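These numbers were taken from a predicted model, which means no experiment stands behind them.
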Amino acid sequence: MASTPRSPAPRPLTPVSRVLRLCLHALVFGLLALAAGRAVTDSAPRAGWVVAACAVVAAVYAAGVRAPAVHRSPRAAAVWLAGLGAVWTALLVVSPDGLWIAFPLYFLELHLLRLRWGITAVAVTACAAIGGFVAHADGGAVSPGAFLGPLLGGAVAVATVLGYQALYRESERRRELIEELIATRAELAAAERDAGILAERERLAREIHDTLAQGLSSIQLLLRAAERSLPQDAPALEHIGRARGAAQENLAEARRFVRALTPPDLEHGSLAAALERLCAAAPGPRVRFCLSGAPRVLPTPYEVALLRIAQSALANVVRHARADRAEITLTFMDASVTLDVVDDGTGFDPSSAPSGEGGFGLPAMRSRAETLGGLFTVESSPGQGAAVAVTLPLPLEAS
């Protein structure tokens, strides 16, 4: 019975706890064997009773050690300790050597009972040990050691158990902290992996759109111009038509690739729907979404850029602005599309704004907009809220 603190869900014994438990068992049985052996070798008047009492104490102790209820239920443990104390008192009556069992009893009581009741039981046990020693003094003078020994033993046991429990709690806190750090590291690794996958998907979609799709679109325009410049009966018209058809098919295939690489937020709806879901899920301030103008299908890089800028701007509002309200407006015009994110928060000085974390900074948003030939502006001042606006020119096929 190692002196480890009780818990609702006990963890498996560590090697140290197992050694402490075995040492306590060995101490109890060794002291009982010593008391019985001394009674026999010294031919004590009641040697038979001493041996019998030692055997009963050993039997009660072994029964409690092997009983699962004692380890799980404080009530069962208290009943077992009461029975063990009773048979130990009987041993104490027939032999002064029973006093030695008091020390391991201290640890049992402190381990199995709540601290308040455990200390009370230790005090009662110490008093019983002192009484047993005094009863066997045969009228002789009782030295101060008869009182100090059990009391000091009890104090040492209490200090030892309390110190061990403090170390155990600290060890458990460190173990939980390490488990949290390991779990957090795994979550961060998964988040970084997912972010890398999304970034690579966006990059591939942008590259396909800006190179293959645009190149095939230009080939179509050139073939159409060549077709118009040739007479109707020119033999090359048939080959130009086939070339245009092949370019058209490959352009459609490239656009399918781009759509397949679309971020998950845009897979199940339009940009407007993704922005509306973003506003509904935003924590903190009340966020409203407004759509202005006639919506149209935008190229995937445009939708990705606008969605990411909206996410970044709204993340800044939630983290830093301490705003009550925010509004995201998506406006479609004849030759451009505009995204505005406005809040009524504390505002800031745009010239001294930090770059942010995780790609949520203003420079990252500006870079997204300028990559597509757009205009990115920030209007804010301390105490006056903030407005982020990005305007992207619509490509010819979308305008």
Quick one: pull up [atom1] in [X] and [atom2] in [Y] and give me the separation to the nearest 0.5 Å.
X	Y	atom1	atom2	value
L392	I309	CG	CD1	6.5 Å
S229	R224	OG	CZ	13.5 Å
R296	D334	CZ	CG	6.5 Å
L110	L115	CG	CG	7.5 Å
I328	L339	CD1	CG	6.5 Å
L223	Q248	CG	CD	11.5 Å

Are [X] and [Y] connected, step by step, through hydrophobic side chains (Ile, Leu, Val, Met, Phe, Trp, Tyr) whose heavy atoms are closer than 4.5 Å?
X	Y	value
L307	V342	no
V124	L81	no
L375	M365	no
L105	V156	no
L278	V318	no

Shortest non-hydrogen contact between [X] and [Y], atoms and distance:
X	Y	value
G293	P295	O-CD, 3.3 Å
W80	Y61	CZ2-O, 3.5 Å
T346	R322	CG2-NH2, 3.5 Å
C290	R288	SG-NE, 3.7 Å
A128	L92	O-CD2, 3.1 Å
L237	P231	CD1-O, 3.1 Å

If you define the side chain from C-beta out and look only at heavy atoms, does anything of [X] sit under 4.5 Å from [Y]?
X	Y	result
I219	N250	no
P285	V317	yes
L91	V56	no

Is a side-chain N or O of [X] found less than 3.5 angstrom from the main chain of [Y], in a donor-acceptor match?
X	Y	value
S380	F348	yes
Y302	P393	yes
W117	E109	no
D340	A387	no
R368	A305	no
S171	L167	no
T184	E180	yes

> Could you go step by step and tell me if L291 and L275 meet the side-chain contact (heavy atoms from CB on, under 4.5 Å) rule?
Replying inline: CA-CA 10 Å; L291 178 63; L275 292 175; over 6 Å; no

>> Using the rule given for side-chain contact (heavy atoms from CB on, under 4.5 Å), can you reason through L31 versus F103, listing the C-alpha separation, both sets of side-chain angles and the distance that settles it, and then say yes or no?
In response: CA-CA 10 Å; L31 291 176; F103 191 68; 5.9 Å; no

>> Assess the residue pair N316 and V388 against the criterion (side-chain contact (heavy atoms from CB on, under 4.5 Å)); give the C-alpha distance rounded to whole Å, side-chain angles, the decisive distance to 0.1 Å, and a yes or no.
In response: CA-CA 11 Å; N316 284 341; V388 173; over 6 Å; no

>> Please evaluate residues L306 and L298 with respect to the criterion side-chain contact (heavy atoms from CB on, under 4.5 Å), reporting the C-alpha separation (whole Å), side-chain torsions for both, the decisive distance (0.1 Å), and the verdict.
In response: CA-CA 10 Å; L306 292 173; L298 296 175; 4.0 Å; yes

>> Is it the case that over 12 heavy atoms from other parts of the model lie below 6.0 angstrom from the CZ atom of R173?
In response: yes

>> Taking the basic N atoms (NZ, or NE/NH1/NH2) and the acidic carboxylate oxygens, is any pair closer than 4.0 Å for R175 and E172?
In response: yes

